[in-house]
Number of protein chains: 2
Amino acid sequence: MDRSSPVPLYFQLSQQLEAAIEKGRLAPGSLLGNEIDLAGRLGLSRPTVRQAIQSLVDKGLLVRRRGVGTQVVHSQVKRPLELSSLYDDLEAAGQRPATRVLHNAVEPASAEVAAALGIAEGADVHRVERLRLAHDEPMAYLCNHLPVGLLAPETARLEATGLYRLMRAAGTTLHSARQTVGARAAAPQEAELLAEPEGAPLLTMARTTFDDTGRAVEFGSHIYRASRYSFEFQLLVRP
Amino acid sequence: MDRSSPVPLYFQLSQQLEAAIEKGRLAPGSLLGNEIDLAGRLGLSRPTVRQAIQSLVDKGLLVRRRGVGTQVVHSQVKRPLELSSLYDDLEAAGQRPATRVLHNAVEPASAEVAAALGIAEGADVHRVERLRLAHDEPMAYLCNHLPVGLLAPETARLEATGLYRLMRAAGTTLHSARQTVGARAAAPQEAELLAEPEGAPLLTMARTTFDDTGRAVEFGSHIYRASRYSFEFQLLVRP
DNA sequence: TAGTGGTCTAGACCACTTA
DNA sequence: AAGTGGTCTAGACCACTAC
């Protein structure tokens with residue numbers, strides 16, 4: 001514990017515990033020892049220790065049972081995914097992602113877009129259409145709508161990185177997203193764009209993203225080649 | 001505040017605040033008033049009030065800003081979905097779900113199943129195959145694997161309700177699930193089972209569910225008619 | 001400068017689990 | 001009966017924001 005550090009004590013402790021769990025120094029299923037002793041040994045108060053433990057419980061690394069103790073979770077559940085960014089996913093997989101911007105302009109919002117973003121129908125929005133490629137093969141067709149004022153998406157930047165990275169760089173704190181995932185057969189236009197045969201199965205996703213104040217900051221309708229892509233994500237049960 | 005109630009004070013307060021937000025008595029964007037005053041008015045200590053507020057921040061209903069105050073989030077983000085149960089989803093939508101159990105036996109685990117459940121290859125697992133119908137039309141084909149010892153899935157019960165409800169009733173606390181969602185064209189057998197034309201787009205999902213100790217309690221591979229079903233869910237960004 | 005949330009302490013009593 | 005986490009109190013000082 002470093003009391004001169006600006007890092008909060010509870011956070012220092014939770015990081016140390018997390019590292020110990022990750023490196024196996026705290027075995028799955030093992031007991032952590034009671035909070036009072038732990039606080040005494042570390043020279044901290046019990047609430048501070050509890051705050052550290054609670055943050056790891058929230059992350060799914062520890063389980064507390066009254067009358068029993070605090071245990072390390074058995075199989076380490078992988079961490080909940082970030083809000084998945086196709087660009088980042090592809091880059092992480094070493095797939096050399098590239099983007100071709102097909103459209104980028106300010107337009108009046110349609111009824112569907114206005115409803116998703118919580119703005120007035122006909123209000124200005126940026127509409128961006130992109131084709132996402134990996135190894136020079138098309139992977140997905142992405143159509144996004146952004147309320148004006150948050151980010152002016154420049155075509156050159158959109159071709160160099162993902163939309164979420166641009167939004168974060170512009171100061172938006174992404175908080176959550178609501179998604180609908182479905183599938184359908186490729187229409188002729190879609191098939192040509194994605195180099196799939198007509199009628200091929202496509203994965204569809206519609207997503208509205210919210211910042212930490214609950215404002216919708218982006219609405220997208222995307223189409224993925226089912227032969228090349230699938231979604232992986234983690235759901236948590238509300239406690 | 002009812003101090004004689006077994007319901008914790010912080011929980012009573014968070015429920016009242018949540019109700020006030022939901023009913024619009026606390027308008028989006030409005031400030032909550034500082035914690036010290038609030039504690040004084042309610043006859044509570046500040047940590048207790050903070051605990052109530054923090055739980056709503058975690059739920060995404062409030063935002064705290066140091067030096068500013070605590071505000072109600074602008075657009076009420078819908079609550080994160082429960083671990084979606086197809087049965088419950090259909091029932092909630094008034095679709096009269098029904099289940100036909102096609103298979104229900106204990107078998108040795110294949111390599112894929114063993115890896116997903118974190119058990120030894122060849123160990124005993126229950127394998128359950130079900131056809132899920134709504135309004136007497138097939139909706140999905142569900143294949144699940146459960147480690148033995150947690151739940152003995154009886155065919156009669158499986159036809160009357162959903163698997164998750166049975167697991168909860170058997171004392172399992174579901175905590176999280178890791179899912180992969182994709183799409184593919186229907187093979188001849190699948191097409192016949194689901195009353196779709198051959199080659200029709202199908203939505204696929206593979207899911208491993210974990211309890212609160214991190215143990216895998218279920219692995220399923222499911223196929224849905226894309227024409228009849230899509231997934232809706234919410235992702236949260238790790239803070 | 002005033003007001004806010006962020007962190008921290010040193011106690012206290014209770015409910016639950018296990019033996 | 002002993003030990004655990006769950007809840008709660010009444011203070012304290014600090015960092016940040018806005019005016």
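Protein chains get the first letters and strands the later ones, always in sequence-line order, with residue 1 at the start of each.
Annotation: salt bridge (Lys or Arg N to Asp or Glu O under 4.0 Å) contacts of A:Glu154 (sequence neighbours excluded): A:Arg157. In this view, B:Ala105 and B:His103, B:Glu107 satisfy the side-chain contact (heavy atoms from CB on, under 4.5 Å) rule, not counting sequence neighbours. By the salt bridge (Lys or Arg N to Asp or Glu O under 4.0 Å) test, A:Glu91 pairs with A:Arg165, sequence neighbours left out. Annotation: side-chain hydrogen bond (donor to acceptor under 3.5 Å, both in side chains) contacts of B:Asp212 (sequence neighbours excluded): none.
Nearer to the 5' terminus of DNA chain C, by closest-nucleotide assignment, is the contact made by A:Val7 (compared with the other of A:Val7 and A:Val68). For the pair A:Gly67 and A:Leu9, nearest-nucleotide mapping onto DNA chain C gives the more 5' position to A:Leu9. When the nearest nucleotides of DNA chain D are assigned to A:Gly33 and B:Ser45 by heavy-atom distance, the more 5′-ward of the two goes with A:Gly33.
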Donor-acceptor pairs are to be reported for all side-chain atoms of residues 29-38 of chain B against protein atoms at under 3.5 Å, with residues two or more places apart or in another chain.
{"residue": "B:Ser30", "atom": "OG", "partner": "B:Ala27", "partner atom": "N", "Å": "3.4"}
{"residue": "B:Ser30", "atom": "OG", "partner": "B:Ala27", "partner atom": "O", "Å": "2.6"}
{"residue": "B:Asn34", "atom": "OD1", "partner": "B:Ile36", "partner atom": "N", "Å": "2.9"}
{"residue": "B:Asn34", "atom": "OD1", "partner": "B:Asp37", "partner atom": "N", "Å": "2.9"}
{"residue": "B:Asn34", "atom": "ND2", "partner": "B:Asp37", "partner atom": "OD2", "Å": "3.3"}
{"residue": "B:Glu35", "atom": "OE1", "partner": "B:Arg46", "partner atom": "NE", "Å": "2.9"}
{"residue": "B:Glu35", "atom": "OE1", "partner": "B:Arg46", "partner atom": "NH2", "Å": "3.1"}
{"residue": "B:Glu35", "atom": "OE1", "partner": "B:Arg50", "partner atom": "NH1", "Å": "3.3"}
{"residue": "B:Glu35", "atom": "OE2", "partner": "B:Arg50", "partner atom": "NH1", "Å": "3.2"}
{"residue": "B:Glu35", "atom": "OE2", "partner": "B:Arg64", "partner atom": "NH1", "Å": "2.9"}

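A sub-4.0 Å separation between OP1 or OP2 of C:dT4 and a side-chain N or O of B:Asn34 is present.
Along DNA chain D, the stretch of nucleotides lying under 4.0 Å from any heavy atom of chain A spans, 5' to 3', D:dG3 to D:dT7.
B:Arg65 comes within 4.0 angstrom of the backbone, heavy atoms only, and of no base. Among the protein residues, A:Pro8 comes within range of the sugar-phosphate backbone only, with heavy atoms under 4.0 Å from sugar or phosphate atoms but none that close to a base.
Following rounding to the nearest Å, A:Leu31 (CG) and C:dT17 (C1') show an atom-to-atom distance of 13 Å.
In this structure a side-chain-to-backbone donor-acceptor pair under 3.5 Å is missing from A:Glu159 to A:Ala98.
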